[in-house]
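Scroll down for the structure; my scribbles are underneath it.
Please read all numbers here as calculations on a predicted model, not as lab measurements.
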Amino acid sequence: MASLVSSPFTLPNSKVEHLSSISQKHYFLHSFLPKKTNPTFSKSPKKFQCNAIGNGLFTQTTQEVRRIVPENLKGLTTVKIVYVVLEAQYQSALTAAVQTLNKNGEFASFEVVGYLVEELRDENAYKTFCKDLEDANIFIGSLIFVEELALKVKSAVEKERDRLNAVLVFPSMPEVMRLNKLGSFSMSQLGQSKSPFFQLFKKKKSSAGFSDQMLKLVRTLPKVLKYLPSDKAQDARLYILSLQFWLGGSPDNLVNFLKMVSGSYVPALKGVKMSSGRPGRYLDSGIWHPLAPCMYDDVKEYLNWYATRRDANEKLKSSNAPVIGLVLQRSHIVTGDESHYVAVIMELEARGAKVIPIFAGGLDFSGPVERYFIDPITKKPFVNSVVSLTGFALVGGPARQDHPRAIEALMKLDVPYIVALPLVFQTTEEWLNSTLGLHPIQVALQVALPELDGGMEPIVFSGRDPRTGKSHALHKRVEQLCTRAIKWGDLKRKSKAEKKLAITVFSFPPDKGNVGTAAYLNVFASIYSVLKDLKKDGYLGRDHAKTSAELIEEVIHDKEAQFSSPNLNVAYKMNVREYQKLTPYATALEENWGKAPGNLNSDGENLLVYGKQYGNVFIGVQPTFGYEGDPMRLLFSKSASPHHGFAAYYSFVEKIFKADAVLHFGTHGSLEFMPGKQVGMSDACFPDSLIGNIPNIYYYAANNPSEATIAKRRSYANTISYLTPPAENAGLYKGLKQLSELIASYQSLKDSGRGPQIVSSIISTARQCNLDKDVDLPDEGQEIDAKERDLVVGKVYSKIMEIESRLLPCGLHIIGEPPTAMEAVATLVNIAALDRAEDDISSLPSILAATVGRNIEEIYRGNDNGVLRDVELLRQITEASRGATSAFVERSTNSKGQVVDNSDKLTSLLGFGINEPWIQYLSNTQFYRADREKLRVLFQFLGECLKLIVANNEVGSLKQALEGKYVEPGPGGDPIRNPKVLPTGKNIHALDPQSIPTTAALQSAKIVVERLLERQKVDNGGKYPETVALVLWGTDNIKTYGESLAQVMWMIGVRPVADTLGRVNRVEPVSLEELGRPRVDVVVNCSGVFRDLFINQMNLLDRGIKMVAELDEPEDQNFVRKHALEQAKTLGIDVREAATRVFSNASGSYSSNINLAVENSSWNDEKQLQDMYLSRKSFAFDCDAPGVGMMEKRKVFEMALSTADATFQNLDSSEISLTDVSHYFDSDPTNLVQNLRKDGKKPSAYIADTTTANAQVRTLSETVRLDARTKLLNPKWYEGMLSTGYEGVREIEKRLTNTVGWSATSGQVDNWVYEEANTTFIKDEEMLNRLMNTNPNSFRKLLQTFLEANGRGYWDTSEENIEKLKQLYSEVEDKIEGIDR
């Protein structure tokens, strides 16, 4: 324990304001440290550096703890060794080896100093490193895979390489590997040479990268050496021996390694006889147990030893004991740095679980997993669950991963797979005091990559001693990890009839009409379908409700948002004493909520748990944040803790109902967004405390991988994807339909005398439909010539075709009910509309356009400009695409509309040229000459996609998770851009954060940025915008592989540079000549989710922006520099700090809370909303101090926003538009910028829409109008919603509330939108009664929203309309409260 607090940095006892208020609290701190405590701890000053001091680079350890200078030279030659490693496990073994050599003092004295690669970020540490190299004899490097640091090592060592006696680099990036030099042996040709030796390194695609190739090299050494001249063969042999010694890692091996290299290559020791033994061999892979007499390479032998252990009790030896597999890193075992592994093994055994701990020497664990965890005869697993303690991906470690191979091995094993984390780049204190939690580089390598294998639960289980570099267990975390691993294993062991499941639904915003909210999901119908399936399968133990309507009634007490019932069904009343006994962290909630029970989820005496129990299944309602209705709390820059009712809910589920698993039903609840570290939580973090020890299964929308990833990392969820509802085209209705008929008659009659007359009808109808805001219409009665007539008609036509072809998710999805084949047609048409160059698939529109000698891009441009001929041609192409796709789908389904899954049917379709259904369809159109081969390739791809869309594994995967099996991982995202998202029912993951932005994303980004700047120039008198304020979203960047990230880079004029492993960790400026315009300044608001997932990309952006601010360029060509210089002068800070442009929330907080204020009507005026935005979004990321996390920089934020000429957001998929969710207006600063600007001018507001192949940049008001026409006011959309009953009314109300949100933040909503909505839903008596009877609570909220829009001045309407709304409001109020007049 003493060693934990003796790093050389001290803090005074004053309160460190950067520590979260909770981690400062004395009663939590003990829980991270080993159990023997040091009595002087509380009195002495805190001797650790909080990372908010200095530059915040996490590793505040220093190379001096790894420096050994020989004391007694005895006139011997001194050999100086400098080493750089990724992790510190070699530190203690190397130190011991050098001390042994110096003690024996026979041949030479050894001086050694070691650096952890992360320490080299620090300028002073790097200078000392360069100085140390100046008089070194030998340099050793290992596992150097972070590009910016690899380049630093390379440039320092290169300067000294010729002078150094030996340079040994073990598995690292090729740039560093090329530094190797032992006599005549070198790797300077690495990856180029023809010699068989180098061929081993060259296989770029090799799954596990260098480490395993090197092991192979060791084994094939004799074959390789015969190709080399004898002196070279000797040097190469010594390199291989060195590698064997290094991988052997024990002090004895390292003594021999140092003797061999010094004796062979240090000139002063040339004649000295230094005998070095053979490398002590350890198994490359095997089973290791700290109490076993040896390592085993046969699992049967190991289990025999286990059964005869004298120290183990009978319970542990019994055949009923749970069995947990552990995956360990061999280097920790051989270097003796294994105390953290021992702690996990001992904890599991103390909890009655048998352990099979396996290890491997390379970085490919897939072989050992299959060899030691699966019974070769029965092919069944020996283990119930597996925990990897390496933190790395299963195959490939930190270098190149092979996820398909890992998934194949884990599918065979078929048990839950947990990847826990040892701290690599931080000491225990640095992690404890950090609001970020894990170091950003570790998140990229050890959290994001294992998720691609299907790894779950990134729990930090061991820390690092700053002095010795040794790992030590964090006991409270080890307990959490082991208990959860056993609980997941229990799901494999228990019978279905005894398993208890807690299904948790959400109610957001808190209101009875909102119970069971989830994106795109009909929650109660889905739960009903899941329960039916589980019952059939032997779960439950008693009957549940007969219909989904009955289920709603039982959970929320009284049918259809219950008349005359103010409360939900109470499943359990928990008194305060019981609550405090069951909830150890209850006192930590009092700071925000006072003493229990409080007034949320309580009757004044007890805490109330809402829900309904059916035998072994409990359906409960998760409480909400609790502060939605309190404008003061919404202003706090950091989010409040959960309230007592929230904590009581999870205490009930775990300790009273005793759930074996909790199923969170749909996207999304609030558990994973509670305060705490971003990733790598401690037990003072609320999500960790709340979920406790319950395995968490979470149904998440397939198109939302970013928030799903937050749920995985912060609430340890096994996320299972569900499909969004099938998309349809919005179609046309009322006046829009009439317009399309008028345009059709104009085209056939335009050259007759009736042309002008029809055009004037078109103009007046377009006005009635409020299209005059989107299209410049001539005054009625104005004479216009034929050419202008065509242009007016073309522009109106283009507008209504845009509305008609917009994709809508229709209705709500029910889990376990995939769409029929015909429902999938619109999705397939859109999949077919994108070129997929990487697979050599041409888009259907481009194939059809080529048939008539046109380029599809040209047609898109002409259509956008209202060229009548192009608008008509595009409509014909769209119609032909739909027709050909429908013909194909009809032929590949049976009479019931199911896809026939035998490949014969597809083959027969694809084999007969003229009979192919799409050819038959096109033969009757102008596109009959379309390229057959391209069509065949495309429809073969569409056939695969169709099978995936209608596949149904959502309930299947849930059952796999409940049976303690492995759920196959898969990417989340937009199925149209990336059909690999399908079929649903996969464990959703995001992507490797270091892989974005891709080259393709940069290409698309350039197009959007150029269109945005052109559009702004037109609206801004020909001037470029000086600053654009924009938003970066997590999901959008995952779906588009970093398009919006690349847009920011292109605005400021930098480009991403990938390293040799294809990872993006650097940017370089693009010259002004190439850019062809000024560099545009940006203010980047990153969503809290983007901040959590892409902290490395925030680092990259901040470095890019600061680099541009420091370029010596004219200010009228570099607005970043212009503004940074002005702000530096005003604020009296340096230019780098003034160029801070990357902002988000404080760590552990999400959103600006404007959405909560609007949804709950808890705001007074717009100024209050703007204050929320400023107080919650003004936390900056600083690339010069990446370890500090988010620092509040409100002045810089306000000054940067005050220069914005435009605000900008991206829409990336057809399913989510501006009024579907509250996130978009929550992040919109349009009105705020107007208030901050000195001239009070309103900035232009733009939305880029990349949901179709024809990317558009529209103004915000155009997009809001398009959204209202295609959704809220569109009968196809609202009838689709109402067909789902109770949930549908809420969906309609939500769209109207979000529209008010846009009025509040931007003022860009036209009056007619509210007027038409009122006509559609309130003036129509039949509609009004349907809404009132289906969900009276949501209907009441709808009335309230109309009245609020009027009261706040966003909707100007007749007195009569307002009176009717008020009267209806009091009627529905009485009805809800059960007063019949």
Query raised in the report: Is there a donor-acceptor pair closer than 3.5 Å between any side-chain N or O of Glu954 and the backbone N or O of Gly816?
Result: yes
Query raised in the report: Looking only at atom types and distance, does a side-chain atom of Lys1039 sit under 3.5 Å from a main-chain N or O of Gly973, one as donor and one as acceptor?
Result: no
Query raised in the report: Would you call Arg484-Glu457 a salt bridge at under 4.0 Å N-O?
Result: yes
Query raised in the report: Parallel under 30°, tilted from 30 to 60°, perpendicular over 60°: which one fits the rings of Phe652 and Phe618?
Result: perpendicular
Query - Side-chain donor-acceptor contact under 3.5 Å, Ser285 with Arg371 - result: yes
**Report entry** Test item: Gln442 side-chain N/O and Val424 main-chain N/O as donor-acceptor pair under 3.5 Å
**Finding:** yes
Query raised in the report: Salt bridge between Arg713 and Glu451, side-chain N to carboxylate O under 4.0 Å?
Result: yes
Requested in this report: Answer with yes or no whether the side chains of Glu707 and Asn704 bring together a donor and an acceptor at under 3.5 Å.
Outcome: yes
Query raised in the report: Are Arg309 and Glu349 close enough for a salt bridge, meaning some N to O gap below 4.0 Å?
Result: yes
Query raised in the report: Please walk me through it: do Asp490 and Lys487 pass salt bridge (charged side-chain N to carboxylate O under 4.0 Å, His left out)?
Result: CA-CA 5 Å; Asp490 286 345; Lys487 285 274 199 180; 5.7 Å; no
Query - Check: His340 ring centre within less than 6.0 Å of Phe461 ring centre - result: yes
Requested in this report: Decide yes or no on side chain to side chain contact (heavy atoms under 4.5 Å, CB included) for Leu328 and Thr390, but give the supporting numbers first.
Outcome: CA-CA 6 Å; Leu328 315 176; Thr390 65; 5.6 Å; no
Requested in this report: Run the numbers on Ile345 and Leu326 for side chain to side chain contact (heavy atoms under 4.5 Å, CB included), then give the verdict.
Outcome: CA-CA 8 Å; Ile345 293 169; Leu326 296 179; 3.6 Å; yes
Query raised in the report: Between Ser670 and Phe673, is there a donor-acceptor pair closer than 3.5 Å when you use the side chain of the first and the backbone of the second?
Result: no
Query raised in the report: More than 12 foreign heavy atoms under 6.0 Å from NZ of Lys980: is that the case here?
Result: no
Query raised in the report: Given Thr483 and Ile486, is the side chain to side chain contact (heavy atoms under 4.5 Å, CB included) satisfied, shown in steps?
Result: CA-CA 5 Å; Thr483 316; Ile486 293 170; 6.0 Å; no
Query raised in the report: Are any side-chain N or O atoms of Asn384 and backbone N or O atoms of Val323, one a donor and one an acceptor, separated by less than 3.5 Å?
Result: yes
Report task. Taking only Lys NZ, Arg NE, NH1 and NH2, and the carboxylate oxygens of Asp or Glu, determine whether Asp533 and Lys959 approach each other closer than 4.0 Å. Result -> yes
Query raised in the report: Which heavy atom of Lys317 sits nearest a heavy atom of Ala312, and at what distance?
Result: CE-O, 3.6 Å
Query - Distance under 6.0 Å and angle within 45° of ring axis: Lys500 vs Phe657 - result: yes
Report task. Search all heavy atoms of Asn987 against all heavy atoms of Met456 and return the closest pair with its distance. Result -> ND2-CG, 4.4 Å
**Report entry** Check against side chain to side chain contact (heavy atoms under 4.5 Å, CB included), Gln994 and Leu445
**Finding:** CA-CA 9 Å; Gln994 299 181 84; Leu445 289 178; 4.1 Å; yes
Query - Asp414 (side chain) donor-acceptor with Lys965 (main chain) under 3.5 angstrom - result: no
Query raised in the report: Between Ser995 and Leu991, is there a donor-acceptor pair closer than 3.5 Å when you use the side chain of the first and the backbone of the second?
Result: no
Query raised in the report: In terms of side-chain heavy atoms, does Ser526 have a donor or acceptor partner in Tyr699 at a distance below 3.5 Å?
Result: no
Report task. Report the C-alpha separation of Thr504 and Tyr649 in whole Å, then their side-chain angles, then the decisive distance to 0.1 Å, and conclude whether the side-chain hydrogen bond (donor to acceptor under 3.5 Å, both in side chains) test is met. Result -> CA-CA 10 Å; Thr504 298; Tyr649 177 82; 2.9 Å; yes
Query - Check: Ser706 side chain, Gly1034 main-chain N or O, donor-acceptor pair, under 3.5 Å - result: no
Query raised in the report: Distance only, no hydrogens: is a donor on one side chain within 3.5 Å (strictly under) of an acceptor on the other, for Asn696 and Ser715?
Result: yes
Query raised in the report: Taking the six-membered ring for Trp, are Phe524 and Tyr528 ring centroids under 6.0 Å apart?
Result: no
Query raised in the report: Any chance the side chains of Tyr716 and Asp688 put a donor and an acceptor closer than 3.5 Å?
Result: yes
Query raised in the report: Ignoring hydrogens and geometry, is there a side-chain-to-backbone donor-acceptor pair from Lys986 to Leu982 under 3.5 Å?
Result: yes
Query raised in the report: Got a salt bridge between Glu672 and Lys712, using NZ or NE/NH1/NH2 to carboxylate O under 4.0 Å?
Result: no
Query - Name of the residue among Leu438, Leu1093, Val419 meeting side chain to side chain contact (heavy atoms under 4.5 Å, CB included) with Val447 - result: Leu438
Query raised in the report: Hey, does Leu501 have a side-chain heavy atom less than 4.5 Å from the side chain of Leu534?
Result: yes
Query raised in the report: What do you reckon, are the aromatic ring centroids of Tyr698 and Phe665 less than 6.0 Å apart?
Result: no
Requested in this report: Determine, using ring centers only, whether Phe373 and Phe382 are less than 6.0 Å apart.
Outcome: no
Query raised in the report: Between Glu408 and His403, do the side chains contain an N or O donor and an N or O acceptor separated by less than 3.5 Å?
Result: no
Query raised in the report: Any idea which heavy atoms bring Gly680 and Val460 closest together, and the distance?
Result: CA-CG2, 3.8 Å
Query raised in the report: Would you say the side chains of Asn703 and Thr724 form a donor-acceptor pair under 3.5 Å?
Result: no
Query raised in the report: Looking only at atom types and distance, does a side-chain atom of Asn616 sit under 3.5 Å from a main-chain N or O of Ala497, one as donor and one as acceptor?
Result: yes
Query raised in the report: Is the shortest heavy-atom distance from the side chain of Pro969 to the side chain of Ile407 under 4.5 Å?
Result: yes
Report task. Would you please say whether a donor-acceptor pair under 3.5 Å links the side chains of Thr984 and Ser721? Result -> no
